[in-house]
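We name chains A, B, ... by the order of the sequence lines, and we start the count at 1 in each one.
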Protein chains: 2
Amino acid sequence: MRKYCERWGHKLRHHGYKCTATREIILEILNSTDDHLSPEDIYMVAHKNYPNIGLTTVYRTLDMLVKLGMVQKFDFGDGRSRYELSEDQGHKKHHHHLICIKCGKILDYSEFIEEELGLLKKIEEKLGEKYKFKINDHIMQFNGVCDQCTS
Amino acid sequence: MRKYCERWGHKLRHHGYKCTATREIILEILNSTDDHLSPEDIYMVAHKNYPNIGLTTVYRTLDMLVKLGMVQKFDFGDGRSRYELSEDQGHKKHHHHLICIKCGKILDYSEFIEEELGLLKKIEEKLGEKYKFKINDHIMQFNGVCDQCTS
DNA sequence: CTACCTGCAAACTCTTTGCAAGCAG
DNA sequence: CTGCTTGCAAAGAGTTTGCAGGTAG
């Protein structure tokens, strides 16, 4: 096992993928932020430690991680995709989003999470059964206008 | 008032916009389907009755309708945006979405709508207050794999 | 050593912008 | 008439693909 594969290597190999420096770096970046990074964002951060990395690889790696369920992809309507480490992978706790449709600001909230998750889980079961869907995850967000953008 | 403005003209003019044939057509298309149309979809349908329409106009009109709150924009992760008439504008009743991440199929469900809306409304109020957000709407969807794509 | 992985460049797709002509009010 | 609206062509932005060289296992 390569030295840079300490943290995520096992999981990658378990799914039949090789552990490489770029994959480890991308996962590490996602794990050490609370932001909602775009591929370009991730590319720019990674570039500091690993100047050879290509944007293409970031896209390909994110695609793979989403398929493995290790990362979740979001779209907040500003024309670029955003990625977050799944809650069971790293430090993050479950949260939902509040989006300002004017400035694009994204707030995470987790105030009502217990209550929401209770209902979501119940619905997930019933819908899965009725529509024969194997449900993986959900997206729940509120859209509005933030304080600064109101004035 | 022009003859083609019977249905939506009033609302458009009320917001300071002119009523034109293309706007009426686009609204009519959205009102007469249960699908989740992309700008291209709308353009192709409109083109049959009104061959001169341009794709650009479809984009501009949809933008405007979203800003007025008459139409809601969605992103189901397949690289194109989707539009639906808002529930208070036409025939549709409130529903949420169930998306197959493999084939892109979109199912509308409204089984638990009452229960969901109760909770959503409550959360909307509390979050709006706490984070000083003027919340307009919400997006709630489940992602999974449908029956056909499982096998 | 072999199959997977990577970076580069180019291609692609969806969306937006500039502008002159057209039409609603 | 006047300024909003439209269609066309072209530009822009984000994402994907082809391919030859590189590297994990």
Discussion item. Between A:Thr20 and C:dT6, is there a contact of a side-chain N or O with OP1 or OP2 at under 4.0 Å?
Written reply: yes
Tell me the interatomic distance from [X], atom [atom1], to [N], atom [atom2], rounded to whole angstroms.
X	N	atom1	atom2	answer
A:Ile42	C:dT6	CD1	P	14 Å
B:Leu12	C:dA24	CG	C1'	12 Å
A:Glu24	D:dA24	CD	P	13 Å
B:His15	D:dT5	NE2	P	13 Å
A:Leu62	D:dT16	CG	C1'	14 Å
B:His14	C:dG25	NE2	C1'	17 Å
B:Phe76	C:dC14	CZ	P	17 Å

Response to the item:
Picking from D:dT5, C:dG25, D:dA24, the nucleotide nearest the side-chain atoms of B:Arg23 would be D:dT5
Discussion item. Nearest to the A:Lys18 side chain among D:dA24, C:dG25, C:dT6, which nucleotide is it?
Written reply: D:dA24
Fill in: Neighbour count above 12 (heavy atom, 6.0 Å) for A:His91 NE2
yes
Worksheet item: When you check the side-chain N and O atoms of A:Asn143 and B:Asn136, is any donor under 3.5 Å from an acceptor?
Response: no
Worksheet item: Can you check whether B:Cys146 and B:Cys103 have SGs under 2.5 Å apart?
Response: no
Worksheet entry | Euclidean distance, B:Leu120 CG relative to B:Ile113 CD1, rounded to 0.5 Å | 8.5 Å
Worksheet item: At what distance, to the nearest 0.5 angstrom, does CD1 of A:Ile26 lie from CG of A:Leu37?
Response: 11.0 Å
Worksheet item: Do any pairs count as a side-chain hydrogen bond (donor to acceptor under 3.5 Å, both in side chains) and have a residue in residues 44-58 of chain B, sequence neighbours left out, and if so which ones?
Response: none
Worksheet item: Which parts of nucleotides 7-15 of chain D does protein reach within less than 4.0 Å, heavy atoms only, written one letter per nucleotide 5' to 3' as B for base, S for sugar-phosphate only and - for none?
Response: BBB----SB
